[in-house]
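Notes follow the structure.
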2 protein chains.
Amino acid sequence: MSAAESKPVSIFDVAKRAGVSHQTVSRVVNDAAGVADSTRAKVKAAIGELGYRPNRSARALAGGAVRSVTVLTTDTSLYGTAETLRGIEDAARAAGFTILISVLDPDEAYTETDILARLPHDGAPAIVIAHDETTARAMQTLQKTQAHATVATGGEHLGVEQPAADWLVSLDDRTVAARATKYLLDMGHATVHYLAIPSKASRRTGWAAALAEAGVEAPPVVPSGWSVASAYEAATELVADPDVTAVLCGNDDLAFGVLYAAHRAGRSVPGDLSVIGFDDCPLAAYHVPPLTTVDLDFRGVGRGAFELLRGKLEGGERPRPVWRSPELIVRETSGPPERRRLPKGFPCIHSFAAASRPRPRPGCSPASPPHPPRPGTSPSCPSTSDGSGASRSTAPSARSTASPTPACPATT
Amino acid sequence: MSAAESKPVSIFDVAKRAGVSHQTVSRVVNDAAGVADSTRAKVKAAIGELGYRPNRSARALAGGAVRSVTVLTTDTSLYGTAETLRGIEDAARAAGFTILISVLDPDEAYTETDILARLPHDGAPAIVIAHDETTARAMQTLQKTQAHATVATGGEHLGVEQPAADWLVSLDDRTVAARATKYLLDMGHATVHYLAIPSKASRRTGWAAALAEAGVEAPPVVPSGWSVASAYEAATELVADPDVTAVLCGNDDLAFGVLYAAHRAGRSVPGDLSVIGFDDCPLAAYHVPPLTTVDLDFRGVGRGAFELLRGKLEGGERPRPVWRSPELIVRETSGPPERRRLPKGFPCIHSFAAASRPRPRPGCSPASPPHPPRPGTSPSCPSTSDGSGASRSTAPSARSTASPTPACPATT
DNA sequence: CGAAGGAATGTTAGCGCTCACGATCCAGGT
DNA sequence: ACCTGGATCGTGAGCGCTAACATTCCTTCG
């Protein structure tokens with residue numbers, strides 16, 4: 001309350017004011033036992049009057065409980081990273097931890113010392129959001145010397161499966177990638193192409209596995225950057241090929257890029273081309289057309305990572321995060337391939353496409369299917385209470401597995 | 001290099017190894033003058049051999065230069081916030097500063113002590129990303145007692161204009177909101193509606209001012225949350241009204257929500273309805289149709305905030321950030337209102353809309369206008385080298401101010 | 001050739017806090 | 001009356017570092 005431009009109040013100031021020793025104040029501040037209630041009250045009063053706040057540096061230096069986590073990452077503005085960070089934050093805040101962020105440059109080659117210097121002090125707890133080479137290497141460095149206080153998320157580059165490691169929280173996106181691929185194959189697509197994010201992603205493995213299982217030769221992976229723009233560029237060639245009828249994308253942003261490229265190439269979606277993303281970012285459900293994607297609970301991963309770390313730090317029995325399998329959310333960018341296939345290299349496919357495209361047509365009828373957009377956080381669907389895996393009720397548009405119900409007939 | 005599970009190496013260990021005093025080591029570590037080159041080399045060798053890294057807590061405690069910034073914000077996953085944070089990070093990293101993040105809950109009522117307790121110690125430097133009430137109040141608290149070490153960004157809630165304050169870095173979005181509104185008015189729209197983000201935004205002021213100047217009575221502001229979903233919900237009623245022909249949205253996410261709502265309501269864009277966003281998020285240029293929006297350089301704001309803070313901290317002459325006016329990027333969600341207006345309450349507007357909608361039609365001709373998507377960072381356009389304000393070359397789709405050139409004729 | 005002055009280095013005293021231990025007080029048991 | 005022991009509180013040391021001052025050693029100049 002009384003905060004002038006003077007020396008900050010220390011534990012000794014409080015002690016004098018309350019007529020006790022500094023150690024007693026320390027005990028009160030840290031909720032330690034062995035302080036009489038009357039004394040505790042006196043001290044608390046003094047703290048209030050003086051506006052005392054503990055100095056974290058001093059506390060850390062003196063060997064108190066650490067109460068801070070350093071998060072190492074490369075790009076805080078990517079959806080997955082940002083959400084993971086949010087999860088860590090949420091959990092950390094609830095536990096009274098402070099968060100330090102250390103952003104690494106994906107293009108720089110760091111020495112081990114460079115990485116260790118990112119920590120506030122030796123042995124400081126850290127979480128690495130490992131979605132690329134740089135962060136994966138950082139994790140390996142920390143593993144060597146600070147294993148007791150380090151946890152990673154993601155980590156496709158780390159070459160470890162979740163069940164094996166007690167320092168990794170990740171998603172089983174390999175399985176769901178396989179499921180998504182199989183879903184497309186089952187629908188009649190001859191093959192599924194994969195537009196890859198820059199990461200040795202397990203998603204790719206899942207995709208390849210599903211193709212192999214179906215006896216389909218995997219087409220070459222199409223590499224892309226992280227941005228919509230790079231996906232657009234990477235996809236232009238792909239969507240120009242009428243034999244390409246289904247594209248699985250490394251994340252939603254890439255899917256949007258493909259969708260835009262498809263639009264410019266005159267391919268209709270999903271009649272002509274099916275596109276599936278990864279992430280279920282907030283926009284996915286509200287895109288035109290709504291994007292079929294995979295619901296990846298990055299926030300849960302972040303929370304899990306923090307809890308895991310806290311468990312290692314405090315030794316006590318903390319709930320270990322489970323390795324949940326994400327779910328495929330079928331919306332309106334995926335469906336069976338066009339029955340009436342176009343001859344390869346056909347100059348203009350507009351008339352065909354327009355005639356047979358079922359749904360996502362702006363300027364359609366206002367009497368579209370009822371739309372219950374409740375993208376809140378309620379986890380389970382009250383009415384449709386079968387947990388059969390392929391859909392979730394958090395997304396606005398209802399699932400549509402096969403048989404695309406034409407919302408508006410081709411012409412009135 | 002040699003990092004076992006033992007006591008971390010301190011400045012004294014290095015001193016002993018190098019055969020000097022700990023203070024000399026300190027001088028070397030901090031690049032202080034007055035150390036002989038030979039000694040410096042010896043010490044550096046010892047540091048390398050022992051793998052010594054300074055302890056930040058101890059350094060901070062002992063009163064060394066601070067080298068850390070606390071960023072206070074409410075939501076790290078919002079585009080504007082995330083980008084501002086990136087800007088701060090970039091600048092901070094370059095300057096060797098550490099970043100602490102403290103996330104506030106927008107729904108919580110914090111006391112002054114609560115806020116101050118977020119800082120690692122009294123007088124610690126901080127940047128507040130003030131996009132809502134909570135953060136604005138936090139800023140006011142810090143202003144009172146830590147003014148010398150605090151800087152804010154955004155701050156529509158702070159009631160201060162940039163030129164007046166030496167602790168605020170923000171964008172002149174009021175002016176550009178007015179410009180966008182005027183652009184729509186000039187194009188023939190009878191009025192412009194505003195879908196507001198939850199913030200006493202200057203954007204709204206600009207919008208209202210432009211309407212007032214044109215002698216148009218401002219329609220009621222439509223409130224929305226930050227999410228696409230809330231925008232969709234808020235906009236359903238709005239887009240159902242055929243008299244509404246132009247909507248200015250508080251940010252791009254809201255614009256996407258409106259676009260989706262318009263799509264479901266059977267309104268065509270931009271023939272039937274013009275929509276303008278704010279932010280120019282990466283997706284805007286690749287949306288279908290590409291979104292007319294305002295390029296807000298949040299990353300620049302973040303960098304500017306950090307530089308301003310550093311200036312206050314170090315006292316020296318640092319470049320003061322300038323108050324740049326953002327630019328309107330006209331893409332394909334805005335245009336003149338339909339000449340052939342529909343009678344109010346007309347049951348199905350599909351046939352009209354489809355017949356006259358010029359451009360954004362999936363499944364159009366592959367011979368669309370040449371598309372140069374170079375969303376890199378090259379700031380100026382080589383060919384069109386007039387800086388006349390209404391467009392920027394960083395966005396893929398070319399500008400189209402008035403007269404929408406139909407890319408594909410209605411039917412072949 | 002001695003004093004002054006500077007460069008290089010060492011010594012001391014904290015920063016604000018916690019840990020480990022020591023001191024004090026008062027109940028209860030013998 | 002004495003001892004024991006738990007509850008409560010105080011004292012001293014030290015975490016790793018830097019600021020301020022002290023010291024040493026070598027130039028350089030009158």
Side-chain angles (χ1 to χ4, degrees), chain A residues 6-44 46-47 50-68 96 98 116-117 119-124, chain B residues 6-44 46-47 50-68 96 98 116-117 119-124:
Chain A
S6 61
K7 203 154 159 274
V9 334
S10 85
I11 209 173
F12 284 90
D13 302 318
V14 176
K16 186 151 53 162
R17 174 92 167 208
V20 296
S21 79
H22 72 275
Q23 179 58 26
T24 300
V25 177
S26 172
R27 281 193 265 259
V28 171
V29 169
N30 294 299
D31 276 322
V35 181
D37 286 347
S38 57
T39 320
R40 193 179 292 273
K42 257 193 313 189
V43 172
K44 282 196 168 162
I47 288 177
L50 263 40
Y52 164 78
R53 274 155 293 120
N55 180 317
R56 278 203 252 271
S57 295
R59 189 178 275 184
L61 186 56
V66 189
R67 310 217 137 266
S68 85
T98 298
L116 290 169
L119 303 182
H121 60 266
D122 223 280
Chain B
S6 61
K7 203 153 159 279
V9 334
S10 85
I11 208 172
F12 285 89
D13 302 319
V14 178
K16 186 153 52 160
R17 174 92 169 211
V20 297
S21 79
H22 72 276
Q23 179 58 24
T24 300
V25 177
S26 172
R27 282 192 267 259
V28 170
V29 170
N30 293 298
D31 276 323
V35 180
D37 285 348
S38 58
T39 320
R40 191 180 294 272
K42 255 193 315 189
V43 171
K44 282 197 166 163
I47 288 177
L50 262 41
Y52 164 78
R53 275 155 293 120
N55 180 317
R56 278 203 253 270
S57 295
R59 190 178 274 185
L61 225 207
V66 188
R67 311 217 138 264
S68 86
T98 298
L116 290 169
L119 303 181
H121 61 265
D122 223 279

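These numbers were taken from a predicted model, which means no experiment stands behind them. A, B, ... follow the sequence lines: proteins, then strands. Residue 1 opens every chain.
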(message) Can you tell me whether the side chain of B:R27 and the base of C:dG10 have a donor-acceptor pair closer than 3.5 Å?
(response) yes
(request) Please determine if a side-chain N or O atom of B:T39 lies less than 4.0 Å away from the OP1 or OP2 oxygen of C:dA8. (result) no
(message) Taking donor-acceptor contacts at under 3.5 Å, does the side chain of A:H22 reach the base of C:dT18?
(response) yes
(request) Answer with base, sugar-phosphate or nothing: what part of the nucleic acid does A:V35 contact at a heavy-atom distance below 4.0 Å? (result) sugar-phosphate
(request) Would you mind reporting whether B:T24 and B:R27 have side-chain heavy atoms less than 4.5 Å apart? (result) yes
(message) Pick the closest DNA chain C nucleotide for B:G63 and for A:N30 by heavy atoms, then say which residue is nearer the 5' end.
(response) B:G63
(request) Find the distance A:I11:CD1 to C:dT18:C1' and express it as a whole number of Å. (result) 8 Å
(request) Remember a base hit wins even if backbone is also touched, and classify B:V20 as base, sugar-phosphate or nothing at under 4.0 Å, heavy atoms. (result) sugar-phosphate
(request) Just compare C:dT18, C:dT9, C:dG16 and give me whichever is closest to any side-chain atom of B:T24. (result) C:dT9
(request) May I ask you to verify if any side-chain N or O of A:N55 is less than 4.0 angstrom from the OP1 or OP2 atom of C:dC15? (result) no
(message) Using five pairs at each end of the helix from C:dC1-D:dG30 to C:dT30-D:dA1 to define an axis, what is the angle between those two axes, to 10°?
(response) 50°
(message) In the structure I gave you, are the side-chain heavy atoms of A:N30 and A:R59 within less than 4.5 Å of one another anywhere?
(response) yes
(request) Please round to the nearest 0.5 Å and tell me the distance separating atom OG of B:S57 and atom CG of A:N55. (result) 8.5 Å
(message) Need to verify one output field. Residue with the more 5' nearest nucleotide on DNA chain C, B:A58 or B:D37?
(response) B:D37
(request) Return yes if some donor-acceptor pair links the side-chain N/O of B:D13 with the main-chain N/O of B:S10 below 3.5 Å, else return no. (result) yes
(message) Just checking A:K16: does its NZ atom have more than 12 heavy atoms from other residues, nucleotides or ligands closer to it than 6.0 angstrom?
(response) no
(request) Choose from C:dG16, C:dA8, C:dG10 the nucleotide whose nearest atom is closest to any side-chain atom of B:A36. (result) C:dA8
(request) Would you give the length of the straight line joining atom CG of A:L61 to atom CZ of B:R56, rounded to the nearest 0.5 angstrom? (result) 14.0 Å
(request) With a 4.0 angstrom cut-off to heavy atoms of chain A, pull out the first and last contacting nucleotide of DNA chain D, in 5'-to-3' order. (result) D:dT8 to D:dG16
(message) What is the distance, to the nearest angstrom, from the CG atom on A:D13 to the C1' atom on C:dC15?
(response) 13 Å
